[in-house]
Amino acid sequence: MAGVESSFYGSVRVGQKVSIGAFDGFARYVGPIPGTDCIWVGVEWDDSNRGKHDGIHNGIRYFKTLHPNGASFVHLEKVVPHNVSFINAFQSKYGQNCGSNIHQEIIALMKQSKMASFELVGMQKIQETQACFDKLTHVCLSHHGITCAGNPNEIQDCCPNIVNLELCNNCFTDWGTVSEIAQQLKYLTTLNLSFNNISLPQEPNHQLKESFKCLKKIVLGKLNYSWHEIMSLCEAFPVLEVLEVPDNNIDRLETHSAVMENLLYLNLENNHLSWSEINKLSSLPKLQTLNVNRNGIKDIQIVPSSFPSLEFLMISDNDLLHFESICELNKLPALCSLRIQNNPLLKGMSVSNYTLQIIARIANLKTLNGTMITLKERQNNERDFLKDLDMIWHRQLKNAEEKAAFLTKYPRYMELIAKYGSDYSEDLNTSNKIKTIKIRIVNFCKETSTEKDVIIKTLPISMTLNRLKDLGKRLFCLGNKQLEFSYLIKEKPDVEYTMENMNQTLDYYSVEDGNTVLIKW
C-alpha cells in the first residue's frame with residue numbers, strides 16, 4: 001500500500017461504520033484515486049458477497065479485506081457515516097421511543113438489580129422515571145452504531161451504576177472512545193466488545209489503566225487481534241479474572257506474562273491452536289476453566305506440572321483421533337469436569353461406551369459433558385475397563401517390550417489392579433482357559449423399534465442371562481425395566497432367536513463370536 005495516503009474527508013473517517021443506501025459496511029479508505037477528480041470511500045461490506053474486489057484498484061492496493069470480493073469504492077457524497085453517542089443509544093433503547101420489548105427488558109433488568117417493585121402505567125411512565133436508569137446494572141447496547149462517548153459526564157449522570165455492559169458490533173474506531181465510556185462507570189466489572197473494529201493503542205496509557213481498574217471480565221470476540229496484541233492490551237486490566245477471545249484467528253500463543261496471574265477463566269474457542277501452543281500457558285497458576293472448543297486440535301500431550309488449578313476443560317468439536325489423548329488428561333492434577341463432544345475418536349461409539357472409556361482413563365473426573373459421575377458408575381466402568389485390559393495383558397502380550405508399550409498406552413492399568421485386584425485366572429493347561437466371545441449388545445426399545453445404544457463387549461460364554469441382565473442394566477441405565485433377550489447371527493440377520501431361561505448361559509443358546517444380543521424393554 002505504498003504511496004496510498006488516507007485520513008478523512010468531511011465526517012467520514014477510516015474505520016468508521018457507514019451506510020450507503022440500505023447497505024452497511026466499514027470505511028477502509030477515504031481519499032482520491034488516480035485518474036479521477038472526486039473523493040472515494042473504500043467500503044468493506046458487511047455482506048461480503050456485495051463487493052467486487054479486496055481493496056485493489058488498477059494494481060494499487062488501498063486496503064485489504066478479509067474476503068476476496070468484499071469491497072467496493074463509493075463516491076463520498078453517497079456515504080452516510082454513523083455518528084451516535086452512548087447516551088443517544090441508551091435513551092433510544094431504555095428511554096424515549098421505547099417499544100414493548102424494551103418495556104419487558106427494563107422490568108427484567110430491574111428485577112436483576114433487585115429493585116423494589118413499582119407500578120408501570122405505560123411507556124410514558126418509564127420515560128418520565130429517569131431516576132430508574134441509575135438503578136440499572138446490566139445494560140446491552142449492541143448493534144446501535146455508537147461512535148463516541150458523548151458529552152463529558154453525561155453517562156455517569158444518567159446511568160452510573162452499570163456493572164455489566166455489552167457493546168458488541170458498534171462503530172468504535174479506537175480504545176480512547178471505549179476508555180471515555182468506561183471512565184464514567186466506576187462499578188464496571190464486565191465488558192463485551194465483540195464484533196467491533198477497534199484500533200489498538202500503541203501501548204496502554206495511564207488513562208486506559210485508570211478507566212479499567214475494576215474490570216474483571218472482558219470479551220473480545222472476532223476483533224482479529226493477535227495473542228501478542230491481546231496481552232499488550234491486557235496490561236490495562238490489572239484485576240482481570242475472565243478473558244474471552246474467541247474467533248480471532250489466533251494460531252500462536254506466548255508464555256504467560258504477569259497480566260494473566262489472576263486469570264480464572266480463559267476462552268480461546270474457534271481459533272487455530274494446537275495443544276503445543278496451549279502448553280505455553282500451562283504455568284498459569286490460578287486458571288480454573290479453559291475453553292479450546294473448535295481449534296482443530298489433533299492430539300494432546302501434557303507437559304509436567306501443567307495447569308495446576310485447571311478444573312474444567314472444554315475441548316469439543318476438535319479433531320482428536322486417539323484415546324491416548326484422553327489418558328494424557330489424567331495428568332492434570334485438578335481436572336474434574338470435561339466436555340468433549342464431536343471428536344473423531346468418539347465417532348461410531350455409543351454414549352455409554354465412550355463414557356466408560358473416558359471415565360476409566362481420568363481418575364478424578366466428576367462431570368462428563370454436563371452429567372455427574374456417581375461413585376457407583378465410576379466403579380462399574382473402571383471394573384469393566386480393567387477386565388478388558390486383563391484379557392489383553394494375559395493373553396496377547398508376549399514379552400517385556402510389549403508390556404511396556406501396553407502400560408504406556410493404558411497408564412492406569414496398574415493403578416486399577418491395585419484398586420480392584422485382578423479377576424483374571426487361567427490354568428497352565430490351555431484346555432482349561434475361560435472361553436470368551438466378542439458380541440454386540442444392543443439396547444432396544446420395543447415401543448419405537450429402535451436401537452438406543454450399541455456396545456461391543458468381550459464376555460465369557462459361561463455368563464448366564466441373569467448376569468447379562470445386570471450388566472445390561474448397568475451399561476444402559478435401564479433401572480427396573482422388564483427385559484427380554486434374543487440374539488441375531490451374521491448368516492441370518494433377519495432371524496431372531498429368543499432366550500427365555502435366565503439361568504442358562506450364552507453357550508447354552510449357542511451365542512457365538514460376532515453375534516448380536518438384543519436387550520429389549
Side-chain angles (χ1 to χ4, degrees), residues 6-31 39-47 63 65-66 70-72 74-97 102 133 139-160 162 165-185 188 191-202 205 207-208 211-212 215 218-225 233 236:
S6 172
S7 54
F8 66 92
Y9 287 77
S11 59
V12 180
R13 63 181 183 270
V14 171
Q16 192 170 16
K17 192 84 170 182
V18 296
S19 294
I20 299 89
F23 300 96
D24 292 340
F26 282 98
R28 300 305 188 196
Y29 170 80
V30 184
I39 299 301
W40 296 84
V41 178
V43 178
E44 181 174 6
W45 299 104
D46 288 351
D47 179 1
F63 56 96
T65 63
L66 290 176
S72 304
V74 182
H75 287 282
L76 177 63
E77 58 268 22
K78 294 183 179 180
V79 178
V80 179
H82 293 201
N83 290 301
V84 180
S85 74
F86 182 96
I87 289 298
N88 291 152
F90 183 89
Q91 290 178 338
S92 173
K93 182 168 184 178
Y94 296 104
Q96 298 172 357
N97 302 320
I102 304 305
F133 292 156
V139 168
C140 177
L141 294 177
S142 298
H143 308 278
H144 275 71
I146 300 171
T147 57
C148 63
N151 297 323
N153 301 324
E154 66 178 3
I155 298 174
Q156 68 183 34
D157 291 342
C158 176
C159 45
I162 296 175
L165 179 59
E166 290 190 29
L167 294 173
C168 302
N169 208 350
N170 278 288
C171 302
F172 307 115
T173 58
D174 58 71
W175 275 90
T177 302
V178 181
S179 174
E180 289 173 18
I181 294 171
Q183 195 171 34
Q184 300 180 57
L185 301 172
L188 185 67
L191 178 61
N192 190 342
L193 291 168
S194 299
F195 302 97
N196 279 289
N197 185 45
I198 312 175
S199 299
L200 284 157
Q202 293 293 327
N205 54 36
Q207 179 185 347
L208 212 59
S211 299
F212 300 110
L215 195 70
I218 191 161
V219 186
L220 303 171
K222 208 160 188 174
L223 269 69
N224 290 309
Y225 288 172
L233 181 63

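Since the model is a prediction, treat every value here as computed from it, not as a measurement.
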Side chain to side chain, [X] and [Y], heavy atoms closer than 4.5 Å:
| X | Y | value |
| --- | --- | --- |
| Phe212 | Trp175 | yes |
| Phe90 | Ile155 | no |
| Phe86 | Asn170 | no |
| Val139 | Cys159 | no |
| Leu165 | Ile181 | yes |
| Thr147 | Cys171 | yes |
| Lys222 | Asn169 | no |

Can you give me the closest heavy-atom contact between [X] and [Y], atom names plus distance?
| X | Y | value |
| --- | --- | --- |
| Val41 | Ala27 | CG1-CB, 3.9 Å |
| Gln207 | Gln183 | NE2-OE1, 3.9 Å |
| Ser194 | Leu223 | CA-CD1, 3.7 Å |
| Val84 | Ala89 | CG1-N, 4.0 Å |
| Thr177 | Ala149 | CG2-N, 3.9 Å |
| Ser179 | Ser211 | OG-OG, 2.7 Å |

By side-chain hydrogen bond (donor to acceptor under 3.5 Å, both in side chains), which residues pair with [X], not counting sequence neighbours?
| X | answer |
| --- | --- |
| Asn196 | none |
| Thr65 | none |
| Asp47 | none |

With side chain to side chain contact (heavy atoms under 4.5 Å, CB included) as the test, would you mind laying out the steps for Asn197 and Thr173 before giving the verdict? CA-CA 6 Å; Asn197 185 45; Thr173 58; over 6 Å; no
Interatomic distance, [X] atom [atom1] to [Y] atom [atom2] [nearest 0.5 angstrom]:
| X | Y | atom1 | atom2 | answer |
| --- | --- | --- | --- | --- |
| Leu167 | Phe172 | CG | CZ | 4.5 Å |
| Phe23 | Trp45 | CZ | CH2 | 7.5 Å |
| Phe195 | Asp46 | CZ | CG | 12.0 Å |
| Asp174 | Glu180 | CG | CD | 8.0 Å |

Member of Val178, Val219, Leu185 meeting the side chain to side chain contact (heavy atoms under 4.5 Å, CB included) criterion with Leu191: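 In the set Val178, Val219, Leu185, the residue that makes a side chain to side chain contact (heavy atoms under 4.5 Å, CB included) with Leu191 is Val178.
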Residue pair Val74, Val18: steps toward the side chain to side chain contact (heavy atoms under 4.5 Å, CB included) verdict: CA-CA 11 Å; Val74 182; Val18 296; over 6 Å; no
Between Glu166 and Cys140 (side chain of the first, backbone of the second, donor and acceptor by atom type, cut-off under 3.5 Å), is there such a pair?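 Here the side-chain-to-backbone pair does not exist.
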Output, in order, the C-alpha distance, side-chain angles, deciding distance and verdict of side chain to side chain contact (heavy atoms under 4.5 Å, CB included) for Ile39 and Val12. CA-CA 11 Å; Ile39 299 301; Val12 180; over 6 Å; no
